2 protein chains.
Amino acid sequence: MAKRPLPKATVGRLPRYLGYLEGSERTTVSSKQLALGAATTDAIVRRDMLEMGISGTRGVGYDVATLITTFRDELGVEEDRRIVIIGVGHLGTALGNYAGFDASGFHVVGLYDTSPQKIGSEEAGHIIQDLDHLADDLGPNPSDTIAILAVPARAAQGAANAAVAAGITSLLNFAPGVLDLPDEVTVRHVDLSTELQLLAYFS
Amino acid sequence: MAKRPLPKATVGRLPRYLGYLEGSERTTVSSKQLALGAATTDAIVRRDMLEMGISGTRGVGYDVATLITTFRDELGVEEDRRIVIIGVGHLGTALGNYAGFDASGFHVVGLYDTSPQKIGSEEAGHIIQDLDHLADDLGPNPSDTIAILAVPARAAQGAANAAVAAGITSLLNFAPGVLDLPDEVTVRHVDLSTELQLLAYFS
DNA sequence: GGATGTGAATTACTTCACAGCC
DNA sequence: GGCTGTGAAGTAATTCACATCC
């Protein structure tokens with residue numbers, strides 16, 4: 001049984017399934033209920049379970065504990081996923097204080113900036129460090145750490161370069177625009193203007 | 001020629017196309033160049049143009065001005081899209097100060113919170129108002145306004161209810177979890193933990 | 001009755017490949 | 001040579017529908 005990779009669409013729903021189940025008291029859940037909790041359809045839920053080889057009980061539903069274990073396993077949820085935040089403006093500060101990270105096994109280990117006025121001051125429980133020191137701070141396995149880019153658009157490419165030079169291979173970018181980076185670096189992009197435009201379009 | 005609706009995937013790329021073209025000096029652009037600027041492929045760009053009935057010049061490319069006009073038109077970009085931000089913590093403040101909105105034709109017209117300590121104080125150039133007054137402030141066309149929910153998870157449903165009660169029909173939700181709302185309300189969701197989990201998975 | 005499990009059908013999206021035009 | 005325009009093929013994702021089991 002060579003493990004086929006999960007469809008991307010299925011993977012994309014796992015965090016939402018997890019989020020719903022972890023915040024729920026129930027011990028079993030039907031495809032219909034899970035669909036409601038994750039904003040999808042019961043047919044899709046059953047397809048996804050099939051894809052992951054999860055079986056439920058007819059007339060009852062799926063075992064919540066099994067689902068949580070399997071989803072976490074598939075996603076590779078680990079306890080100590082480390083995050084550094086690059087750019088300590090309002091957004092960087094907000095992210096540094098965001099409580100939701102820890103609940104998902106991520107935690108912020110450092111804030112970085114290039115502005116001399118900010119370096120050395122404290123924010124969200126961390127002393128802001130010089131971005132130039134990022135490589136030194138990351139230790140022997142820099143690719144275990146995720147960098148969140150919370151800098152203005154014009155600084156994004158430079159900040160990304162610094163992160164990559166320090167050995168980071170996973171970036172979450174809040175600045176608009178496309179980054180030019182080596183293929184082995186994975187980037188996800190959160191663009192507020194894009195979201196607003198699409199929201200306006202679809203309403 | 002009954003105007004077929006654009007494929008969702010095409011619409012989803014329009015903001016990125018626009019973002020690239022608006023920040024570019026060029027007067028024509030090839031599918032390859034545009035693909036590079038919007039993180040997609042040349043074949044997809046050409047497909048999207050076909051879908052919108054845009055023709056270019058062989059050997060040259062597409063006319064940038066035409067593209068910008070058409071994309072804006074399709075997206076329904078208007079000058080005075082108004083935003084209110086509900087929840088003035090770190091994230092709400094960050095969003096209130098975010099400069100990128102105006103560039104896309106959106107602007108923040110008010111900040112709302114329920115905390116008596118915050119109401120009345122100033123942030124990002126606005127006096128924070130009581131969420132209970134939202135309906136009064138929106139004027140005759142509340143559904144023209146988009147609400148951004150920047151509240152903790154436990155407050156999200158209540159804040160969403162307040163927005164909907166005030167006549168808002170478009171929500172951008174930063175809190176984790178699914179909101180239970182009438183069908184005529186459009187919601188988009190930005191979940192940081194989800195993004196991080198997917199980033200970790202795909203790297 | 002309630003809910004899973006799954007082949008089959010459908011729809012959506014992407015990629016290929018190449019003729020046609022500048 | 002460069003690049004568009006587009007049918008056709010291929011791939012991915014969703015939806016249907018219903019037999020099966022608790």
Side-chain angles (χ1 to χ4, degrees), chain A residues 1-17 20-21 24 26-68 70-71 74 183 198 201-202, chain B residues 1-17 20-21 24 26-68 70-71 74 194 198 201-202:
Chain A
M1 180 172 106
K3 221 178 135 200
R4 251 190 319 120
L6 291 181
K8 283 171 76 168
T10 298
V11 175
R13 284 183 289 266
L14 293 185
R16 299 209 316 267
Y17 291 153
Y20 171 70
L21 293 174
S24 142
R26 53 174 70 253
T27 150
T28 67
V29 66
S30 71
S31 52
K32 202 168 191 173
Q33 290 160 335
L34 184 49
L36 215 57
T40 181
T41 70
D42 55 337
I44 284 187
V45 169
R46 289 201 298 280
R47 244 315 134 207
D48 286 343
M49 299 309 153
L50 182 65
E51 211 69 55
M52 288 182 282
I54 296 175
S55 350
T57 311
R58 289 162 208 248
V60 179
Y62 301 92
D63 177 58
V64 170
T66 306
L67 295 187
I68 291 180
T70 310
F71 296 166
E74 284 292 353
D183 288 346
L198 294 177
Y201 181 87
F202 287 114
Chain B
M1 181 172 104
K3 218 177 131 200
R4 251 191 318 120
L6 290 181
K8 283 171 77 170
T10 298
V11 175
R13 285 184 288 266
L14 294 185
R16 299 209 315 267
Y17 291 153
Y20 171 71
L21 293 174
S24 142
R26 50 172 73 254
T27 151
T28 67
V29 67
S30 70
S31 52
K32 203 168 190 174
Q33 289 160 337
L34 184 49
L36 214 56
T40 181
T41 70
D42 56 337
I44 284 188
V45 169
R46 289 201 297 280
R47 233 340 116 192
D48 285 343
M49 300 309 153
L50 183 65
E51 211 69 54
M52 288 180 283
I54 296 175
S55 349
T57 311
R58 289 160 209 248
V60 180
Y62 302 90
D63 178 59
V64 170
T66 307
L67 294 187
I68 291 179
T70 310
F71 296 166
E74 284 292 352
T194 294
L198 294 178
Y201 181 87
F202 287 115

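None of the values given here were measured: they were computed from a predicted structure. Residue numbers begin at 1 in each chain, while the letters A, B, ... track the order of the sequences.
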Expressed in angstrom and rounded to an integer, what is the separation of [X] atom [atom1] from [N] atom [atom2]?
X     : N      : atom1 : atom2 : value
A:D48 : C:dG5  : CG    : P     : 13 Å
A:E51 : D:dT11 : CD    : C1'   : 14 Å
A:D42 : C:dT6  : CG    : P     : 16 Å
B:L34 : D:dG5  : CG    : C1'   : 16 Å
A:M49 : D:dT15 : CE    : C1'   : 17 Å
A:L50 : D:dT20 : CG    : P     : 17 Å
B:R58 : C:dG20 : CZ    : P     : 9 Å
A:K32 : C:dG5  : NZ    : P     : 17 Å

Please determine, for the side chain of [X], which listed nucleotide ([options]) has the closest atom?
X     : options                : value
B:R13 : D:dA13, D:dA19, C:dT14 : C:dT14
B:Y62 : C:dC13, D:dG5, C:dT6   : D:dG5
A:A9  : D:dG2, C:dG5, D:dT14   : D:dT14

Base, sugar-phosphate alone, or nothing: which one does [X] contact when heavy atoms must sit under 4.0 Å apart?
X     : value
A:T10 : nothing
B:K8  : sugar-phosphate
A:I54 : sugar-phosphate

Separation between CZ of B:R13 and OG1 of B:T40, rounded to the nearest 0.5 Å: 5.0 Å
side-chain N/O B:S31 vs D:dC3 OP1/OP2, d < 4.0 Å: no
Do any N or O atoms of the protein come closer than 3.5 Å to N or O atoms of nucleotides 15-17 of chain C, and which pairs are they?
{"residue": "C:dT15", "atom": "O4", "partner": "B:R47", "partner atom": "NE", "Å": "3.2"}

Nearest-nucleotide 5' precedence on DNA chain D, A:T57 against B:S30: B:S30
